[in-house]
Amino acid sequence: QVQLVESGGGLVQAGGSLRLSCTASGRTFSTIAMAWFRQAPGKERDFVAAINWSTGSTYYADSVKGPFTISRDNAKRTAYLQMNSLKPEDTAVYYCAARTTIAPAITSYEYSYEYNYWGQGTQVTVSS
């Protein structure tokens, strides 16, 4: 079992920045990848960014490429999402996800079904 705890959400003005953190505990030695998804009210959960835990390779949704950066700290078992130049349309609940299954191989880091553990979410609100 892996437990994920997000933090760092809050209220920020447009153009501002926030850094989200996701700390994993439990059987974290088997982490393959971690990702961030977001869900705005009345909308589906969308992919934001992902990172391969061993290689550090990163993947982004086109809508956040540039202003958002995903990173990891292996020692702290923590993934981060640095969000700059925030816009009101970035308002959503942000969820951290982790994948610990090795097989079958990941088809795409953007698919929510690739991840088998999820955090509770943290609210990000960007005011105009």
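Not measured: the values here are computed from a predicted model. Note that these values count all heavy atoms, side chains included, but never hydrogens, waters or copies made by symmetry. All residue numbers in this chain count up from 1 along the given sequence.
A pairwise comparison of heavy atoms in Ser85 and Ser17 identifies N-OG, 4.3 Å as the closest pair. Taking each heavy atom of Lys43 and Gln39 in turn, the nearest pair found is O-NE2, 3.0 Å. The minimum heavy-atom distance linking Met34 with Cys96 is given by the pair CE-SG, 3.6 Å.
A donor-acceptor pair under 3.5 Å links the side-chain atoms of Thr78 to the main chain of Lys76, judged by distance alone. Between the side chain of Arg72 and the main chain of Trp53, a donor-acceptor pair closer than 3.5 Å is present. Looking only at distances, no side-chain donor or acceptor of Thr31 sits under 3.5 Å from a matching main-chain atom of Ala33. With hydrogens and angles disregarded, no donor-acceptor distance shorter than 3.5 Å links the side chain of Glu6 to the backbone of Ser21.
Using the six-membered ring where Trp is involved, Phe68 and Tyr94 have ring planes that are tilted, between 30° and 60° apart.
Residues meeting the side chain to side chain contact (heavy atoms under 4.5 Å, CB included) test with Thr101, sequence neighbours left out: Arg99, Asn116. In terms of the side-chain hydrogen bond (donor to acceptor under 3.5 Å, both in side chains) criterion, Ser71 has no residue partners (sequence neighbours excluded). Under the rule for a side chain to side chain contact (heavy atoms under 4.5 Å, CB included), the partners of Val126 that lie at least two apart in sequence or sit in another chain are Val12, Ala14, Leu86, Pro88, Asp90, Thr91, Val124. Ser54 meets the side chain to side chain contact (heavy atoms under 4.5 Å, CB included) test with Asn52; sequence neighbours excluded. Under the side chain to side chain contact (heavy atoms under 4.5 Å, CB included) criterion, Thr69 pairs with Tyr60, Gln82, sequence neighbours left out. Partners of Ser127 under the side-chain hydrogen bond (donor to acceptor under 3.5 Å, both in side chains) rule, at least two apart in sequence or in another chain, do not exist in this structure.
Here Thr100 contributes atom OG1 and Tyr117 contributes atom OH; the two are 5.0 Å apart, rounded to the nearest 0.5 Å. Separation of atoms CD (Gln13) and OG (Ser128) is listed at 9.5 Å; rounding is to 0.5 Å. Put simply, OG1 on Thr58 and NZ on Lys65 are 9.5 Å apart, with the number rounded to the nearest 0.5 Å. Note that the CD1 atom of Ile102 and the OG atom of Ser30 stand 7.5 Å from one another [nearest 0.5 Å]. Atom CZ of Arg19 is separated from atom CG of Asn84 by 11.5 Å, given to the nearest 0.5 angstrom. Annotation: the span from Ser57 atom OG to Ile70 atom CD1 amounts to 11.5 Å, rounded to 0.5 Å.
Taking the six-membered ring for Trp, Tyr95 and Phe37 have ring centres at least 6.0 Å apart.
No side-chain heavy atom of Thr23 sits under 4.5 Å from any side-chain heavy atom of Leu4. At least one side-chain heavy atom of Val64 sits under 4.5 Å from a side-chain heavy atom of Arg38. Considering only heavy atoms from C-beta on, Trp118 comes within 4.5 Å of Arg45 through its side chain. In this structure, the side chains of Val93 and Thr122 stay at 4.5 Å or more apart for every pair of heavy atoms.
Between Tyr109 and the options Tyr115, Tyr59, Trp36, a ring-ring contact (aromatic ring centres under 6.0 Å, His included) holds for only Tyr59.
In this structure, Val48 is not a member of the same hydrophobic cluster as Ile32, with clusters built from ILVMFWY side-chain heavy atoms closer than 4.5 Å. When hydrophobic clusters are built by joining Ile, Leu, Val, Met, Phe, Trp and Tyr residues whose side-chain heavy atoms come closer than 4.5 Å, directly or via intermediates, Leu20 is grouped together with Ile51.
Summarising the local packing, CD of Gln123 is surrounded by more than 12 heavy atoms from other residues, nucleotides or ligands at distances under 6.0 Å.
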